[in-house]
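In what follows, chains carry the letters A, B, and so on, assigned in the order in which the sequence lines appear, proteins first and then strands, with residues in each chain numbered from 1. In this text, all values refer to a predicted model and were calculated from it rather than measured experimentally.
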Amino acid sequence: MARLVAVEHQLGPVDEIPLGEGRAYAVGDDMIAVFRLRDGSLRAVSAVCPHAGGPLADGLVDMKVVVCPLHQNTFELATGCSTTGQSPLTVYPVRADADGRLVVGLPPA
Amino acid sequence: MDAVDQRRCLVVVGNGMAGARTVEEILERGGGDQFAITMFGEEPYGNYNRILLSNVLSGVDDEAGIFLNDMSWYAENGITLHAGTRVIRIDRFARRIYADDGTETPYDKLIIATGSRAFVPPIPGIHRPGRGYHQGVFAFRTIDDTRNMIRYAREHERAVVIGGGLLGLEAARGLQNHLAHVTLVHAAGHLMNAQLDAQAGAILRRSIERLGIEVVLGAHTTEVLGKHAVTGVKLKDGRTVACDVVVVAAGIRANAEMAATSGLPVERGIVVDDQMRVQDEVDIYSVGECVQHRGETYGLVAPLWEQARVLADHITGTNPNAAYHGSRLATKLKVAGVDVASMGLKEAERDDDETVVFAEPRKGVYKSIIIRDDRLVGATLLGDVQKVAFLMQAFDRGLALPKERVEMLFDLGAPSADVSAAELGDDVQVCNCNGVTKRALVDTVQGGVKTLTGVMDATRAGKGCGSCKGLVAQIVEWAADGKVEDDPAASWYVPGVPMPKAELMAVIREHGLKSVSAVFATLVPGGEEDAKSKMGLASLLRMMWGDEYVDERDARFINDRVHANIQRDGTFSVVPQIKGGVTTPAQLKRIAEVAEKYSVPLVKITGGQRIDLLGIRKEDLPSVWADLDMPSGYAYGKSFRTVKTCVGSDFCRFGVGDSTALGIAIEDRFKAIEGPGKMKLAVTGCPRNCAEAYVKDLGVVAIDGGRWEIYVGGAAGAHVRKGDLLAVVDSPDEVITLTGRFLQYYRESANWLERTYAWVPRLGIDHIRAVVVDDSDGIAARLDAAMAASVAAYRDPWLERRDPVTPGQFRTSLPLAVLPQVPVRDTVPVAVPGPVVPSIGSAVPGGGSADNGNGAGPASARRV
């Protein structure tokens, strides 16, 4: 059955991601890296670097970008665009719900 | 001003480059909270870059493009600006200044930045009685001068520029844009005589003449001719040069009359001390071209920036000890389209000064250097300034010079940069680590990226092993057609904090910044953090503060978060500590058992004589460490790695020293010490060098007679370099002392990611030896103590296996195989209308690992 709208998925508690770091989650067929920035805001992008498959959740982040730990390719967390010439990442809407659990939105299949 | 304003009044007389820059620096240090700032400027504008007036004249820059701060800047920063107002007198007893609009303004602190004015020689006819310059005569100093000159020149034909210095050459070249004939008349025997010797001046003259500018030397102008307007100039030898425009560019003089008539000490400029305070005054300061400091006046921009910083540090109390010690003058510019660089002396002064001169007049190339006591004390480059970067560094910092002096003027043995960059094929792979071609570099430059670091960031060229950086720089330079922009960030320690290392460390200490986030919050305008700076800052802070360092795990690279080396598939490699490469059957058995238990795909002896277990899943790391029950071998960080050894004297029939014992001792002492780059060491038992000590960051070689040679700055990685001999010592204890001191000095002064093979030649082995062995700077005891403190702070990071520092510290980040899916739960997603299939994804708790006992898996995963 075709789905027409984004589907939200509940992941684990927000505080299982340390401030300033990322963790990877499997959601359906997607691997999603969720980052909890130092100001507490959340970002979610595809977890695998398009360049050579690097684990982006292991990368260093600031308020704007994540840097892949393998070859230092850099991606904007807000747009998924690479500043080092790679294909873009998928960006997922992500938030914390009232119970402090991560909620990530997947585009309709 | 607000009635409750508690701030002191700071008045700045002068709104040019020095005055405005000083105010910018003051504001940057929070001076806006301390001072209500009032500025006076004689010109009716915001402040602009006077240096670029030449570009306005030659049409390269638009007038609007040279403004540094327009009027809105003053308003935004709460500065009261009196533009177009001249200050006529200071009453330093009443603490007031009087301006020509009749106003008086009180001050608590006063800064005089009146700069300089054009020097106009007293040539008959240059002025008209009662109306300033004769019709057609111009000085070249202000934006109004420039505007008037352009307007006038457009309607006339022939110009004479009086003065063949920097400004005169610029004026002559610029005027060619507006009229047909330009003649440069210069009183001295050669052009730019303040900076160049006669031979260089002669070569410059040829280049200038080739541009179509007529040059007359030894030409004293005795009269400006013309009744109603200029018709020519008369020279001392009787010749006349016909013209209808005269531009006077005969030098500048400090604008200090107002200060002098107000009773301040003025010689060639306003006399100031090292804090830029006017001599014998408490609250009056002066900065810029109007200043005389230690007998010197400066007419270049770099000294002015330095003075502004010192004054701002001092007046805001940011650094009460800030002091200006004068500037060593080095300039690199394009004068009238010709590359010129000059620094220090232009000619030898003493009998034993060494000089090396190369001249190729036809090509307009001239290079000379002057060396005194093995130090560069002067250099001139004309037409070819490729080596200017090295020369300026050598001049500024007193670097050791190559024995073959000619290497300072040319790149020997390699094709010249122009040739190699231009002739490389488009498809040639320049960066062999990241596969970047010449074409990719050129495209990036043509796409508008004009800095080397910008191109490196965008393409990742030079970001692997770094060995191609030089070639990348050449290609960028070539592709940008010489218009490469200086990257201010090039000297910064990390890209996100605008400071070089020494300054950064001083400020960190001063503010007591003990965490990476505190550094960003305090030192970055806007407080913005920067992912690419975190690792370097974490390393620096750890080195500086030891146990007091506030560890923030997100500032660490993944290797340092999980204490293992990330591999291409996202797994990690584990290297247990095996000091000096010496192990036991029991250790080997345990390693073998662990390798079997975790199905380690690859067991490898490393280049540093250690055993590497490759392909360990992140989630298995804690249990692997527990099963190994050996300390970390530190094969992952920017840190002290291993000490490679040979058999030494125990079994080897050639060994003359117990390299194994010494290697173990060194590794035991310095294990885990972090630094700006990794540190790989070796000790070898005889000069046969089986442990390859000559090509290590620090290598020790036993020589006959019980002595030890210490080599530093060697490399056999991306770069190959034989280390320089630091010292020969008599005992292993001395080796350990010097090793610690050397490594500490490296940690404190090397740039981030600068390995010793770059750092040692940059500082020069003589300098390093003086500091480390001879204690020339008197810091040896401090270096020893700092290293001892770092050594004492050692803690095996693998003990984190018992108690992870962050949630999910060892949770996988990548689906290496098909991930186990977590079943769907009956939770309806919030706020999503329409048909939904409720489903829940979850974190991946380690792909069914035998031992997931690190508590990292999220609760939802546990419910499988």
Side-chain angles (χ1 to χ4, degrees), chain A residues 1-13 15-33 37-38 47-48 52-67 69-74 83-85 95 97-98 101 103-106 109, chain B residues 433-434 440 457-460 463-464 496 517 520 528-535 552-559 561-562 566 568-570 618 806-809 811-815 819-822 825 827 829-844 858-861:
Chain A
M1 184 175 70
R3 283 177 289 167
L4 302 172
V5 291
V7 180
E8 292 203 319
H9 297 260
Q10 212 178 38
L11 310 181
D15 53 18
E16 80 182 18
I17 308 178
L19 273 183
E21 292 191 41
R23 293 290 181 258
Y25 295 83
V27 185
D29 295 332
D30 295 346
M31 278 298 290
I32 299 177
L37 307 186
R38 276 221 152 244
V48 181
L56 291 174
D58 280 346
L60 283 160
V61 293
D62 54 31
M63 297 301 292
K64 290 183 182 145
V65 298
V66 55
V67 185
L70 291 193
H71 305 100
Q72 279 68 57
N73 278 299
T74 305
T83 61
T84 49
R95 61 187 174 83
D97 68 13
R101 300 186 75 80
V103 179
V104 65
L106 236 57
Chain B
C433 292
N434 291 322
D457 281 342
T459 60
R460 285 177 312 123
K463 297 248 169 184
S517 56
F520 287 129
E528 217 167 295
E529 49 170 1
D530 173 52
K532 290 179 177 172
S533 303
K534 287 184 166 185
M535 195 181 167
E552 290 167 340
R553 288 296 166 128
D554 67 307
R556 297 182 176 205
F557 186 60
I558 186 64
N559 285 8
R561 290 185 201 169
V562 301
I566 192 166
R568 58 178 297 180
D569 62 353
K618 192 184 185 187
T806 57
Q809 183 179 4
R811 205 173 87 192
T812 187
S813 287
L814 202 61
L819 287 155
Q821 297 296 304
V822 175
R825 241 185 337 181
T827 313
V830 191
V832 179
V836 290
V837 178
S839 73
I840 289 180
S842 178
V844 185
S860 57

Which atoms of [X] come close to chain A, meaning under 4.5 Å heavy atom to heavy atom: side chain ones, backbone ones, both, or neither?
X	answer
B/S517	side chain
B/A555	backbone
B/R553	both
B/D530	both

* Asked: So which of A/H71, A/M63, A/R38, A/K64 has the biggest tally of heavy-atom pairs under 4.5 Å with chain B?
  -> A/R38
* Sort out for me which of A/N73, A/I32, A/L70 touches chain B most, counting heavy-atom pairs under 4.5 Å. =>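 Among A/N73, A/I32, A/L70, the one with the most close pairs to chain B is A/N73.
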* Minimum heavy-atom distance between A/V61 and B/A531, given as atom pair plus value -> C-CB, 3.6 Å
* To do: Please name the pair of heavy atoms, one in A/P55 and one in B/G570, separated by the smallest distance, quoted to 0.1 Å.
  =>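 That would be CG-CA, 4.2 Å.
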* Do B/R811 side-chain atoms and A/A24 backbone N/O form a donor-acceptor pair below 3.5 Å? -> yes
* Asked: Donor-acceptor pair, A/R23 side chain versus B/G808 backbone, under 3.5 Å?
  ->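 The answer is yes, because a donor-acceptor pair under 3.5 Å joins these two groups.
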* Report yes if the side chains of A/L60 and B/R561 come closer than 4.5 Å at any heavy-atom pair, otherwise no. => yes
* Nearest-0.5 Å distance, CD of residue A/E21 to CD of residue B/Q809 -> 8.0 Å
* Distance (rounded to the nearest 0.5 Å) between A/L19 CG and B/T806 OG1 ->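 Result: 11.0 Å between the selected atoms.
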* To do: Let me see the working for A/T74 and B/K532 under side chain to side chain contact (heavy atoms under 4.5 Å, CB included), right down to the final yes or no.
  => CA-CA 10 Å; A/T74 305; B/K532 290 179 177 172; 3.1 Å; yes
* To do: State plainly whether the residues A/D58 and B/K618 are in salt-bridge range, i.e. N to O under 4.0 Å.
  =>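 Looking at A/D58 and B/K618, the cut-off is met.
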